[in-house]
> 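Dropping a structure here in structure tokens format, bear with me for questions.
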Amino acid sequence: MAPGTLEEDVGKRRTFGIISHPDAGKTTLTEKLLLYGGAIQLAGTVKARKSARHATSDWMEVEKQRGISVTSSVMQFDYAGHTINLLDTPGHQDFSEDTYRVLTAVDAAVMVLDAAKGVEAQTIKLLEVCRLRATPIITFINKMDREVREPLSLVEEIESVLSIDCAPVTWPIGMGKSFRGVFDLRRDRLVRFTPGEEHRSEDGEIIEGLDNPRLTTLFPLEISALRNDVELLRAASAPFDLAAFLAGRQSPVFFGSGINNFGVQEILTALIEWAPPPQPRDGGTRMVAPTEKPFTGFVFKIQANMDPRHRDRIAFFRVCSGRYTPGMKVAHQRLGREMKLGNVLTFMANERVQSEDAVAGDIIGIHNHGQLQIGDTLTEGEALGFKGIPYFAPEMFRVARPRDPFKAKQLQKGLQELGEEGAIQVFESVVGNQLLLGAVGQLQFEVVAARLASEYKVDALYDDAGIATARWLTYPDEKVRRDFERDRAASLANDVDGNPVYLAPNRFNLQVAMERWPKVGFHATREHGQRMAHA
């Protein structure tokens, strides 16, 4: 689309993430949104392991083997006069950190639920993350073409477990083999379901009115249940309220089958009509409006070696205000120096194209040679620092050592880069300078091992480190710091940014240390780029 004024272009942006529990069909829905957005012609089915096709948004070898998304992809496409930035978050429970960072860069989210399983553990966690920022949520109840739970009980569960009001927008008729379609409660019409897996199916037959005799002819067994449900919903549930949705209090609910392209169009329409354009953001010293002329934004993710043919590192950057122009100069706030933005990328699934223009809401990729870290703010001069991208204290630790001692340098370099990227947390012990890996879940170690082997050619051994948890430390003054470090030297390490960290072999040890040293701050999270030595 040809650029308009800054206000017009920002108003056309929709930036959202898809959240779900593993296997709820998130990657499939991502693909089908791309299919409907005209960004791809053929959806590569995620489960077709025998074929060479894998989901467009899954590009890492580990993901292809396991059929899960473990890295967040960004995809941009145009639809109905709008520019959509879709952020596919990792669904695997081990990747809460990466997912959390991605959710700081979106203005809305689509929550995908498996209609047979309902609300699952990971969905609860992700929704809590959205709630911290009052992110508007659209709910898509997927897999209606399978044997599933009663729709009313699913809606009740969402409301009670996730503490969010639901406003059904479409309602299913039948399920599994007898899934016949969905009834649009606002337009008072039924869209008939026809299975069709790979190509974009044209709109199904539409039957106007709930009392239409054609419904009785077509669906004699299912129609009375649908009429009862609709009557009940209209009497008992609150209609969709745009203000409540934008405040994150109410979620519009859609039913469908992503694999069959059914219900996907409605999600895209809802995003364009209801989801907010880019919103003002907390720049630390003030709120930054998206339509301000000066260019600002922050790095929320770093990905190394996205293209195996080129050793590259890309910083994913959310534009918060203004307009990017090729070759522009910006101020790198953390380093306090000027930086030229040349060869910036726009993402189209696994394709990357040179970006000629980007405005607030867009996600761009900046080639990074180690100067950018997660949480960094870039502006056209003003001293700002966008807030809210935390690290979490790891719960699992390993000591990494190369199988070949001559590869020690490569291992160190690989771990340093993966640590800066946020794929894993890397700590160096104060005594003995041992490299320790910290993760929120087991899969992170597997991904790091796979990437060290393929990208850095290092085959490493990972031994249990005998550490249960970590805490970042702050000290009230130099004397307390010196005394504590003398007393607890064996348990101390530094993280990738040089912050002091306490490594506890067990919870009891941590508790004792906290009781003995009440003036020392022990922190379970820290913000990216935050220097923590002093309270």
Side-chain angles (χ1 to χ4, degrees), residues 60 62 70-72 94-95 97-98 101 299-308 310-317 332 334-335 337 339 365-376 389-394 396-440 443-463 465 467 470 472 492-501 503 526-533:
M60 197 198 283
V62 176
V70 291
T71 48
S72 317
D94 291 348
F95 276 73
E97 279 202 298
D98 202 19
R101 292 170 196 150
V299 175
F300 64 92
K301 176 183 170 61
I302 287 170
Q303 187 72 62
N305 306 317
M306 283 183 71
D307 184 344
H310 306 283
R311 287 292 292 274
D312 65 347
R313 295 164 84 198
I314 301 288
F316 286 74
F317 183 87
H332 187 314
R334 178 174 55 82
L335 297 181
R337 61 171 191 242
M339 193 180 155
I366 302 169
H367 286 281
N368 176 29
H369 305 290
Q371 76 275 37
L372 288 172
Q373 293 179 7
I374 290 167
D376 279 352
I389 309 182
Y391 271 113
F392 297 99
M396 304 173 88
F397 295 84
R398 298 279 184 278
V399 180
R401 56 191 171 93
R403 214 178 277 272
D404 173 355
F406 292 107
K407 294 273 181 101
K409 265 214 167 81
Q410 271 128 297
L411 177 66
Q412 187 126 14
K413 181 177 189 284
L415 290 178
Q416 180 75 20
E417 289 187 0
L418 291 170
E420 284 169 12
E421 180 189 317
I424 195 111
Q425 291 189 45
V426 180
F427 304 94
E428 190 174 347
S429 63
V430 170
V431 177
N433 302 102
Q434 197 171 36
L435 280 184
L436 298 155
L437 307 186
V440 217
L443 185 68
Q444 270 180 285
F445 292 127
E446 290 178 34
V447 167
V448 164
R451 290 185 59 187
L452 282 171
S454 70
E455 294 164 24
Y456 299 91
K457 305 293 177 267
V458 178
D459 184 12
L461 298 163
Y462 301 90
D463 305 322
I467 296 163
W472 283 277
L492 296 180
N494 291 307
D495 70 10
V496 79
D497 291 330
N499 291 304
V501 178
L503 301 173
R526 76 167 175 96
E527 278 204 11
H528 288 281
Q530 185 182 2
R531 304 295 299 180
M532 298 210 46

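Here the structure is a predicted model, which is why all the values come from computation and not from measurement. Residue indices begin at 1 and follow the sequence shown.
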> Just wondering, more than 12 heavy atoms not from Gln412 lying within 6.0 Å of its CD?
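No, not enclosed.
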> Where is the tightest heavy-atom contact between Ala393 and Trp472, given as atom of each residue plus distance?
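So the minimum-distance heavy-atom pair works out to N-CZ3, 3.7 Å.
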> Tell me every residue that passes ring pair (Phe, Tyr, Trp, His ring centres under 6.0 Å) with Phe317, counting only those two or more places apart in sequence or in another chain.
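With neighbours one apart ignored, the set is Phe295.
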> Using side-chain heavy atoms (C-beta onward) and a distance below 4.5 Å, is Val399 in contact with Leu435?
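No - every pair of side-chain heavy atoms lies 4.5 Å or more apart.
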> Could you tell me if Arg398 sits above the aromatic ring of Phe445, with its cationic atom closer than 6.0 Å to the ring centre and no more than 45 degrees from the axis?
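Judged by the rule, Arg398 and Phe445 form a cation-pi pair.
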> If you define the side chain from C-beta out and look only at heavy atoms, does anything of His367 sit under 4.5 Å from Ile314?
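Result yes, sub-4.5 Å side-chain heavy-atom pair found.
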> Can a donor-acceptor pair be found, under 3.5 Å and without considering hydrogens, that links the side chain of Asn494 to the backbone of Asp497?
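Pair absent, no side-chain N/O of Asn494 close to backbone of Asp497.
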> With sequence neighbours left out, write down each residue that passes side chain to side chain contact (heavy atoms under 4.5 Å, CB included) with Asp459, or none if nothing qualifies.
Arg403
> Which pair of non-hydrogen atoms, one from Val426 and one from Gly419, has the smallest distance, and what is that distance?
CG2-CA, 3.9 Å
> Quick check for you: to the nearest 0.5 Å, what is the distance between Ile467 atom CD1 and Leu503 atom CG?
4.5 Å
> Quick one: does Arg451's side chain have a donor or acceptor within less than 3.5 Å of a partner on Glu446's backbone?
no
> Working to the nearest 0.5 Å, report the span between CZ of Phe427 and CG of Asn499.
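One gets 10.0 Å once the value is rounded to the nearest 0.5 Å.
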> Any side-chain heavy atom of Asp463 sitting closer than 4.5 Å to one from Arg401?
yes
> For the pair Lys409 (side chain) and Phe406 (backbone), establish whether a donor and an acceptor sit closer than 3.5 Å, ignoring hydrogens and angles.
no
> Which heavy atom of Phe397 sits nearest a heavy atom of Gly438, and at what distance?
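Between these two residues, the closest heavy atoms are CD2-CA, 3.9 Å.
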> Looking at every non-hydrogen atom in both residues, tell me the closest pair between Ser429 and Ala493 and how far apart they are.
CA-CB, 3.8 Å
> Report yes or no: does Lys301 contribute a side-chain atom to a donor-acceptor pair with the main-chain N or O of Ile374 at less than 3.5 Å?
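Side chain of Lys301 to backbone of Ile374: no pair is present.
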> Considering only heavy atoms from C-beta outward, does the side chain of Glu417 approach that of Glu455 to under 4.5 Å?
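Contact flag for Glu417/Glu455 side chains = no.
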> Are any non-hydrogen side-chain atoms of Leu452 and Leu415 less than 4.5 angstrom apart?
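Yes, close enough: below the 4.5 Å cut-off.
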> Looking at every non-hydrogen atom in both residues, tell me the closest pair between Gln371 and His332 and how far apart they are.
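Shortest heavy-atom separation between Gln371 and His332 comes out as O-NE2, 2.9 Å.
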> Taking all heavy atoms of Ile302 and all of Gln373, pick out the closest pair and write down the distance.
CD1-CA, 3.5 Å
> Once you round to the nearest 0.5 Å, how far does CG of Leu411 lie from CG of Asp404?
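The distance works out to 11.0 Å.
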> Within the structure provided, determine whether Phe300 and Asp376 are in side-chain contact (heavy-atom separation under 4.5 Å).
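No, their side chains stay 4.5 Å or more apart.
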